[in-house]
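Quantities reported herein were computed from a predicted structural model and do not represent experimental measurements. Indexing begins at 1, ligand by ligand and atom by atom, following the structure's order.
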Amino acid sequence: MPLPSPGFVPSATQVSELDSGGDDRPWIGPEGQVMERLELHLTYHCPERCVFCSEEHRMQSYRPFPVTWGRVATILRTHAERGVKAVHLTGGEPTIHPRFIDVLKLARKLGMRTSVGTIGTRLQRPEFAAAALPFLDEALFSLHGPTAEVHDAVAGRAGSFDQVTAAIALAHRLKPELGLFVNTVVCRLNIEHLPDTAALADRLGAKLIVVSNTTPEGSAWDAYGRLAVPLEDLATWLPQVPDRAKNAVVRFFGVPMCLLGPHAMSSNDLHWDPRVTVEWQSAPGKVAFAGIYSWAPDRRRLHPPACDPCARKSVCMGVYDEYAARWPTNGLRPFPRQG
Ligand code: SF4
């Protein structure tokens, strides 16, 4: 299937099998946005077993299909030619890709900013961190609790908390100018610890703290009934985060804007960039490396009837579809319309 052409107006999300290049026209979105961000799934392996891992099903399906260096190099080159200016490496755990540092070097050579989402698997090691950090602009570390007891229970492995906090501290020490970010995913197991988690991330030097709601995909889909945080509890705990993160910017991902109290402007729905996510996809008789083109942060989200009177319906993406299918949404607090 050919790549979308300039002027092509896709739906919010479109999947296309990737070709090998030869087209240098940028991707243009429905509002005229230019696609500048690439999310690349480098690996389908991870040593952790997070209870809410949105990638668990894809990891089970695609683990036998390694993402080779040749394929990565082609993806980076073709996307750079089409105007992509930043790559975020994700997985699985991307740092365990055997050529992780070469991937960073090539992305930089192609003029891209580089970023990784990691739980610190290899960045906890001083020699690896010293080799990788010069080629990294940003690192988004997964920290899911303020103590080993809370984080390790969620991450599914004893020692995970010590690993990620060591990696954060090392990155902060070796490269103070790094975009040092923390992602914390909230579920029923850790929501009441969220303010303390934010305070810890802040003390460790995070410049940005992303609070992500559990997305009903992968392992979280399997256990959504016991993981999803009720809207009323989100409204209790989320607005406490900015006061505990004294120095860091805070963003809330996958959360109804009306549950953020005075921090509605910290909704990531307002600060989100279009992105192409490149990963294995099932295709008839094979798997294919495909691009998923997202122009709005509306993946798996919808507006239930409770949103109808809301003044911010055009900028807030609402609640997760599976949440609305299972539970009442009368915990939403629609913003009043003026006049
Ligand atoms: S009422 Fe609906 S549209 Fe309005 S802020 Fe809440 S979730 Fe978003």
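A donor-acceptor contact shorter than 3.5 Å links the side chain of Asn213 to the backbone of Gly254. Here the side chain of His97 pairs no donor or acceptor atom with the backbone of Trp69 at under 3.5 angstrom.
Among the atoms of Cys258, no N, O or S atom falls under 2.8 Å of atom 2 (Fe) of ligand 1. Taking 2.8 Å as the criterion, Cys316 does not count as a coordinating residue of atom 4 (Fe) of ligand 1, since none of its N, O or S atoms falls below it.
For ligand 1, the atoms sitting less than 4.0 Å from at least one non-hydrogen atom of Pro256 are 7 (S), numbered in the order shown with element in parentheses. Ligand-side atoms of ligand 1 in range of Cys310: 1 (S), 3 (S), 4 (Fe), 5 (S), range being under 4.0 angstrom from any heavy atom. Taking every heavy atom of Lys313 and a limit of under 4.0 angstrom, the matching atoms of ligand 1 come to 3 (S). Within the listing of ligand 1, atoms 5 (S) sit less than 4.0 angstrom from a heavy atom of Phe335. Heavy-atom contacts of Gly318 reach the following atoms of ligand 1: 7 (S) (cutoff under 4.0 Å).
Both Leu260 and Trp272 belong to a single network of hydrophobic side chains, linked directly or stepwise wherever heavy atoms of I, L, V, M, F, W or Y lie under 4.5 Å apart.
Using cut-offs of 30° and 60° on the angle between ring planes, the pair His151 and His144 is parallel. Aromatic ring pairs are classed by plane angle as parallel below 30°, tilted from 30° to 60° and perpendicular above 60°; the pair Trp327 and Tyr323 is tilted.
The protein non-hydrogen atom at the shortest distance from atom 2 (Fe) of ligand 1 is Cys307 SG, 2.3 Å. From the protein, the heavy atom lying nearest to atom 1 (S) of ligand 1 is Pro334 CA, 3.6 Å.
The pair Asp269-Arg301 meets the salt-bridge criterion, with a side-chain N (NZ, NE, NH1 or NH2) lying under 4.0 Å from an Asp/Glu carboxylate O.
Here the NZ atom belonging to Lys105 is positioned 4.5 Å from the CZ atom belonging to Phe135, to the nearest 0.5 angstrom.
At a heavy-atom distance under 4.0 Å, only side-chain atoms of His303, from C-beta outward, approach ligand 1.
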